[in-house]
Amino acid sequence: MEYKYRTKMVCAQEISFNIDGDVITNIAFRGGCNGNLKALSKVLDGWTVEQIEAKLKGNTCGQRPTSCADQLCLAVREAYEAQE
């Protein structure tokens, strides 16, 4: 299932990805730090919701209380719970 998430308080405006059970693939960020987010998307391809959260949840960016990586954690959890 394709899922789109509108981010909050970060440079990227949207995150899209596919979710099958708890496995996340085809992650794409719209906006944000292009090179870093492309690399992050490649590294995380095929990871589970729990694996992504374990590594990235709570990561901040500068003075912000969140980051694009942290927003991805929120997005994949929301998508996972929406499947049930």
Side-chain angles (χ1 to χ4, degrees):
M1 169 177 96
E2 184 178 8
Y3 197 83
K4 292 187 179 191
Y5 180 83
R6 186 95 171 125
T7 60
K8 298 164 189 71
M9 300 176 64
V10 296
C11 297
Q13 295 90 30
E14 184 178 82
I15 306 170
S16 62
F17 53 89
N18 292 331
I19 183 167
D20 184 9
D22 68 344
V23 178
I24 306 299
T25 57
N26 299 320
I27 303 166
F29 290 82
R30 186 166 51 88
C33 302
N34 188 273
N36 290 333
L37 295 175
K38 280 182 186 175
L40 186 64
S41 298
K42 289 177 183 179
V43 169
L44 300 178
D45 193 61
W47 283 30
T48 66
V49 171
E50 293 80 14
Q51 288 173 313
I52 293 170
E53 288 176 328
K55 292 291 184 184
L56 301 174
K57 190 172 183 178
N59 189 57
T60 60
C61 183
Q63 298 297 319
R64 296 178 180 135
T66 189
S67 66
C68 292
D70 185 56
Q71 290 288 296
L72 176 62
C73 293
L74 298 174
V76 298
R77 175 56 61 185
E78 181 177 287
Y80 179 70
E81 291 178 358
Q83 292 182 114
E84 298 178 343

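All values below were derived from every heavy atom in this structure, side-chain atoms included, with hydrogens, water molecules and symmetry-related copies excluded.
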Sequence neighbours excluded and cut-off under 3.5 Å, please list the side-chain donor-acceptor pairs for residues 2-11, or say none.
{"unit_1": "Tyr3", "atom_1": "OH", "unit_2": "Glu78", "atom_2": "OE2", "d": "2.5"}
{"unit_1": "Arg6", "atom_1": "NH1", "unit_2": "Gln13", "atom_2": "O", "d": "3.3"}
{"unit_1": "Thr7", "atom_1": "OG1", "unit_2": "Ala12", "atom_2": "O", "d": "2.3"}
{"unit_1": "Thr7", "atom_1": "OG1", "unit_2": "Gln13", "atom_2": "O", "d": "3.2"}

request  = Sequence neighbours left out, what pairs pass salt bridge (charged side-chain N to carboxylate O under 4.0 Å, His left out) with at least one residue falling in residues 51-68?
outcome  = Glu53-Arg77
inquiry  = As an exercise, state the distance from CG of Leu72 to OG of Ser41, rounded to the nearest 0.5 Å.
reply    = 7.5 Å
request  = Identify the residue among Val49, Leu56, Asn59 that makes a side chain to side chain contact (heavy atoms under 4.5 Å, CB included) with Cys73.
outcome  = Leu56
Result block: side-chain N/O donor-acceptor pairs under 3.5 angstrom for residues 19-39, not counting sequence neighbours:
{"unit_1": "Asn34", "atom_1": "OD1", "unit_2": "Lys38", "atom_2": "NZ", "d": "3.2"}

remark   = What one should report as the nearest heavy-atom pair of Phe17 and Ile15 is CD2-CG2, 4.0 Å
ask   = Minimum heavy-atom separation for Ala69 to Leu40, with atom names?
value = CB-CD2, 4.2 Å
